[in-house]
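These notes concern the structure reproduced below.
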Amino acid sequence: MAPIAISPERDPAPSLKTAYHDTIRFFLNGTRVVLDEIDPEVTLLEYLRGIGLTGTKLGCAEGGCGACTVVISQYNPTTKNIYHASVNACLAPLASVDGKHVITIEGIGNVKQPHPAQERIAKSNGSQCGFCTPGIVMSLYALLRNNDSPNDHDIEEAFDGNLCRCTGYRPILDAAQTFSVDRGCGKSTSNGGSGCCMENGNGPNGASGGCCKSKSLDDGQPIKKFTPPGFIEYNKDTELIFPPTLKKHEFRPLAFGNKRKRWYRPVTLEQLLEIKSVYPDAKIIGGSTETQIEIKFKAMQYPVSVFVGDIPELRQYSFQDDHLEIGGNVILTDLENICQEALKHYGPVRGQVFEAMYKQLKYFAGRQIRNVGTPAGNLATASPISDLNPVFMAANCVLIAKSQAKTTEIPMSTFFKGYRRTALESDAIIASIRIPLMQEKGDYFRAYKQAKRKDDDIAIVTAALHVSVDGKGTVEQANLVYGGMAPFTVAAKKANEYLVGKMFAHPETLEGAMSALGSDFDLSFSVPGGMASYRKSLALSFFYRFYHEVLAGLNTASEHGDSQAVEELERELSRGYEDREATAEYAKDTIGKPANHVAALKQVTGEAQYTDDIPPLKNELHAAIVFSTRPHAKIVSRDYSAALDIPGVVDIVDKDDLHNPTDNKWGAPNFDDLFLAEDEVFTAGQPIAIVLATSQARAAEGVRAVKIEYENLPAIFTMEEAIEKESFHKYFRYIKKGDTEEAFKNCDHTFSGVSRMGGQEHFYLETNACLAIPHPEGEFEIWTSSQNPTESQMFAARILQVPANKVVARVKRLGGGFGGKETRCVQLSTIMALAAQKTKRPVRCMLNRDEDMVMSGQRHPFMAKWKVGVNKDGKLQALDVDVFNNAGWSFDLSAAVCERAMTHIDGCYKIPNVHIRGRLCKTNTMSNTAFRGFGGPQGMFIAESYMSEVADRLGMPVEEFREINFYGDNDQTHFNQGIDDWHVPIMWKQVQEESDYANRRKAVTEFNATHKWRKRGLALIPTKFGISFTALWFNQAGALVHIYHDGSVLVAHGGTEMGQGLHTKMSMIAAEALQVPLEDVHISDTSTNTVANTSATAASASSDLNGYAIWNACEQINARLAPYREKLGPKATMKDLAHAAYFDRVNLSANGFYKTPEIGYTWGENKGKMFFYFTQGVTAAEVEIDCLTGTWSCLRADIKMDVGRSINPSIDYGQIEGAFVQGMGLFTMEESLWLRNGPMAGNLFTKGPGAYKIPGFRDIPQEFNVRLLKGVTWENLRTIQRSRGVGEPPLFMGSAVFFAIRDALKSARADYGVEAKLAEEGGEGDGLLRLESPATPERIRLSCVDPIMERARVAPKEGEKSFFIAI
């Protein structure tokens, strides 16, 4: 049932003269819908999922991930055309779709008849976990509906509002590019032809003439577009039409509401002004991009809301002689096009403002937001980091404000009054904006923006800079306007005053203006928003860049001119290569051949079911969790009374509902975690209680009504604080080999250092979700998004006080996991089971993104204090390391993570004498947990950090230093394990050859010698990753195989499908073993009542373990079927065999089992085999950085992985590309920050896509090449098919980008004489570059030592600390 439980009040406010209606009419997937009971608080997403259209997903609820993308087709009053807008359904109010056609993923195709966009993404391996896929398909669909002949640029930019955590984006782009006119032509060079007419300028209109395929031949027949082999042809004429009745739709004023809220939809400006006169505090809603976030995350209440998106008068524009006037409610997508039109109309000189505005809009949010956002909304919200507001202000725009009583002209210079405050009167609206033109001569206008990520990111600093210069070069007017430098958009007053009257080209003008800017923006170290030095440097760098661009425009030959500062770093279109012949020499009937993910078509059509897609059950309750808001405090009191008074709230569950207080403890092996907080909370985000209600909205309202009184206690956040205060978990491990002390005495050099890296949020697109169902006779069924259903079963049984055989934990599929659903998911499923038992009703819960991020833990931050001994020849002699990880408040898996880091801290290098000690820092953050790589990437990062720093000290190329220290065949690691099938040296050589590394190294050196502000860097990084659980007992698996009468095969195994293609590989193994077609094998779900006592799907070992278990079961059945194969002959089908065997009463089911042989390591003694084998790889990466801003781009990455004999190369390439991009995010972009002060002190700040940035489509390498090692034999590899685990090992390959950035920064620093002093140990001014991970744009810029950066540095005063805490 749709969530419209509150009966609306039908009478509009009596004080309004306009007659309002209360029925909305729209089309949904071609079908007419009429609703007259509208809850104004319901979003389009809630409505769609409420009526069973669950293909549209909830990923973040803030319009930042694109998982909820739908298309809304409507008549656009600005362009007078039908426009198909991709829109975030999580933000769009249901009440806003009147008169429109809503198209969801279900409306464009299904598994039997997919849309070409769905089919091509599925067949191109563009869907792994599949949770983000419907949104991505709908973004592509919207592009095709609006432009059926897109080019490569159109396609690459179409996904700027979508995120994917699995694929690395390359296969999605490859699929989408099949629709490109650049790639889709049979004659194009990219398809091996002589050149498309558009490439050669031979189109119907010459160089700019478009595609010949869109024109007619002499006989009037259009040429068919080139469709790549194997794909459905795309024909725009078969699309859903815009319903004819909507073309005649009468937009009537609407009003409806409930006890809490009234909603108005006026359709004329007069009606809007009347509403504002009666309700001056009414919230104006255009795109709802800000409002929905305020309601959802800030619990703000707007009793009266007015939707203004359907008022044509506010969506017009007109070209005047001296200005362009745009309606306040022109959507930003239309504004982009208007800017382009204005540039043609007025010319590039007079239209400079529009060029600047277009540039800002291009990177403003994602397309889904630009399709609904408006300039008036942007102005009225008065964000201090707005991209557009500085442009309006610098251009001296005038706002036309209207109320019922008057029309007012407000100059932009007087509009902003303070933080989120403006000069707009409460009863007025911004009707239009007048944008003045520039003069033909002497006016210069540019805009700049710097963010953490290029696409779809809020600005750190934004600027619009405008100067007017007379014929003699004297500045007549200056208007330098900045966002992100103050609580509101602000002009640089002192710099503007200084510039007027100065000769612009005079050398002193630049210096004086920079000094004035420094005075204008004299930020304190603790400034709100943090990054004081970086923000100040950006303010100066933007002006420096602008100054030299104006100089070039003035054609002034100036000795201090710096033309290299002008050009900004822009990406090329991305491309990539995969070696599709890598498995040819060992492929079998099924195994070794590329095959699509078995659920790919279900995922691209929205038919794949995830936990929260399970249809509502009778009497189902929705749960919301009361989380602690303090990092460390005593709970003085709990008051649930107000929550229980809310209609729809049924019950509240907390620690007092436990059968036994000891059952509250969990977290093997130490049981130091708590399901529900008791008398003390140890981190912000610790569950205290569960509110159960008849709807999710009422449960959330109940949570807000709960009152918890705290008494604060001291809190610890960082590893440094924990070390200082000796706050450690009870754990200590060491590995010792040889005699480090003696080695240090005898080696030529000893160097020491500290390496530090931050954590990482998993950001799986599907947050943790659970549905707990009580059954008769004390049985329980738990559907959970868990990588570890057995642990979900065991802890639920424990807290319910029933035997495990009465609890079934089930997993259909996960929308991503990456380790984040290995243990932390158990907390959610267990407390939901308790709630279901108490109420005797099914209980459903899916965490919001912000809740998931504070509850589920992250990758562990690590710090290492190391000492390295090395000889003059570069040979490593000794390594001594103290390793610390930030475990958070409880143990979780931190010990095992630390152990894996310790075993990978050698990298790929032989070090004869090693002593490593590991500790776990106990802090008041969420309990950090498993994440793809599980400590391995942290250990290897420490290794490559000391290798880089020591190489610099020795004056030796780091590539040479690495190579001469490589392990050899059968060498022993520091934990005394021999290395078999050692292929890193081979791949090291091959990658250099395939990437032309030596020539590119020369080219980089030449580039850096001739470029002042742009620097390039190269890195070549190896990896070896141990495969096995370090806890011996987890290295086992079971499987169950059934063959039915019709020859079809049902397989159950202990692994969960989370996008990594495990079910696909397991189906292939069963098909190969039983000699049946792949399509005859099915895996339904992972369930504890089919395969018991399973291990978590983790450690990259699931294919090895479950694959052999399935093979074992199939071998048992094959042995039973052998007589029938012999009797019926080689052409007998499985149906024939099964039929014959059944009638002979032969068992056609088998239970398979496998345990990894040989392994078992003893800590302390340093004996035994830790890992079954090592997956290996080598990556070369090249980057370019902009030293003025810290922006960077990866120009190229060449990855080669040794994955043994690949079971499915398509799946493996997807894992490699996805892991690489995730690793690149870890080492360059993703940064978790906590608030230091204020009412939310100690809370995570980066808890959603708005503040936490993962790589997007346009962050991947511009050239992305991936190969699998071939031509070797793997003599010692005794795994299924001789394949190697591939899920985790490639993640560290992303660090190649980090070390390439470091290489580029060394060149930038060397220009100013700052280089590592040879053979010297530490100290001030030693010149060594110590770069922490992640290498964010801020860290890159702060590592530079140019005069602009040096003058921008902000030092803390005594006792002053930064605004944020980085743990």
Side-chain angles (χ1 to χ4, degrees), residues 352-353 356 384-387 389-397 411-416 438 442-450 459-470 473-524 527 531-554 556 558 560-562 565-566 1188-1189 1341 1346-1354:
Q352 289 178 75
V353 176
I385 50 174
S386 162
D387 297 348
N389 292 348
V391 177
F392 291 140
M393 195 163 161
N396 297 314
C397 292
M412 274 300 302
S413 57
T414 64
F415 184 66
F416 298 112
M438 298 291 103
D443 263 344
Y444 297 90
F445 194 104
R446 298 290 185 275
Y448 304 96
K449 171 185 175 177
Q450 181 61 38
I460 296 168
V461 175
T462 180
L465 310 180
H466 178 198
V467 295
S468 300
V469 181
D470 67 14
T474 304
V475 178
E476 294 182 315
Q477 181 205 346
N479 201 2
L480 314 181
V481 180
Y482 287 84
M485 298 302 293
F488 52 94
T489 303
V490 64
K493 190 177 177 185
K494 291 176 183 174
N496 289 341
E497 289 172 356
Y498 170 82
L499 282 168
V500 175
K502 299 292 188 300
M503 284 292 291
F504 193 84
H506 196 284
E508 291 179 4
T509 303
L510 174 61
E511 176 58 33
M514 296 282 271
S515 295
L517 274 172
S519 182
D520 277 316
F521 302 123
D522 188 17
L523 304 181
S524 66
V527 63
M531 298 189 280
S533 296
Y534 184 44
R535 286 157 66 188
K536 188 171 181 179
S537 78
L538 288 171
L540 297 176
S541 293
F542 286 164
F543 178 75
Y544 185 84
R545 177 161 272 157
F546 173 69
Y547 177 84
H548 290 289
E549 190 162 1
V550 175
L551 270 193
L554 289 170
T556 305
S558 171
H560 70 287
D562 189 352
V566 174
L1188 273 173
T1189 61
R1341 185 69 184 106
D1346 56 89
I1348 298 174
M1349 186 64 245
E1350 293 309 305
R1351 78 191 297 163
R1353 292 195 195 276
V1354 179

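Worth saying up front: this structure is predicted, and the values here are computed from it rather than measured.
H548 places a side-chain heavy atom less than 4.5 Å from the side chain of L510. Within the 4.5 Å cutoff, no side-chain heavy atoms of M485 are placed close to those of L517. When side chains are defined from C-beta on, Y544 counts as touching M514, because their heavy atoms get closer than 4.5 Å. For the pair L499/F543, a side-chain contact is recorded, criterion being any heavy-atom separation below 4.5 Å from C-beta on. In this structure the side chain of T489 never reaches within 4.5 angstrom of the side chain of M412, judged on heavy atoms. Between Y534 and Q450, the closest side-chain pair of non-hydrogen atoms falls below 4.5 Å. Using a 4.5 Å heavy-atom cutoff, the side chains of L551 and F504 are in contact. Residues Y448 and L538 are not in side-chain contact: their nearest non-hydrogen atoms beyond the backbone lie 4.5 Å or more apart.
Put simply, CG on N389 and CZ on F415 are 8.0 Å apart, with the number rounded to the nearest 0.5 Å. Put simply, NZ on K502 and CD on E476 are 14.5 Å apart, with the number rounded to the nearest 0.5 Å. With rounding to the nearest 0.5 Å, the separation of CG in L480 from CG in L465 is 5.5 Å. Between N496 atom CG and H466 atom NE2 the span is 11.0 Å, to the nearest 0.5 Å. To the nearest 0.5 Å, atom CD1 of residue I460 and atom CE of residue M531 are 4.0 Å apart.
When all heavy atoms of M393 and A491 are compared, the closest pair comes out as CE-N, 3.8 Å. Taking all atoms of both residues into account, the shortest heavy-atom contact from Y498 to A516 is CB-CB, 4.3 Å. The two residues V481 and N479 come nearest to each other via the heavy atoms CG2-OD1, 3.4 Å. Of all heavy-atom pairs spanning S524 and A532, the tightest one is O-CB, 3.3 Å. Between I385 and T462, the shortest heavy-atom contact is O-CG2, 4.1 Å. Across all non-hydrogen atoms, the minimal contact from P390 to A464 is O-CB, 3.3 Å.
Checked by atom type and distance alone, the side chain of R1353 never pairs as donor or acceptor with a backbone atom of S533 at under 3.5 Å. A donor-acceptor pair is defined here as one N or O able to donate and one able to accept, closer than 3.5 Å; such a pair exists between the side chain of Q352 and the backbone of D443. Here the side chain of R1341 pairs a donor or acceptor atom with the backbone of L1188 at under 3.5 angstrom. When atom types are taken as modelled, the side chain of S541 and the backbone of S537 share a donor-acceptor pair closer than 3.5 angstrom.
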Please walk me through it: do F521 and V490 pass side chain to side chain contact (heavy atoms under 4.5 Å, CB included)?
CA-CA 10 Å; F521 302 123; V490 64; 3.9 Å; yes

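Using cut-offs of 30° and 60° on the angle between ring planes, the pair F542 and Y482 is parallel.
For residues 512-522, the side chain to side chain donor-acceptor pair (under 3.5 Å) pairs, not counting sequence neighbours, are K494-S519, E511-S515, S515-R1351.
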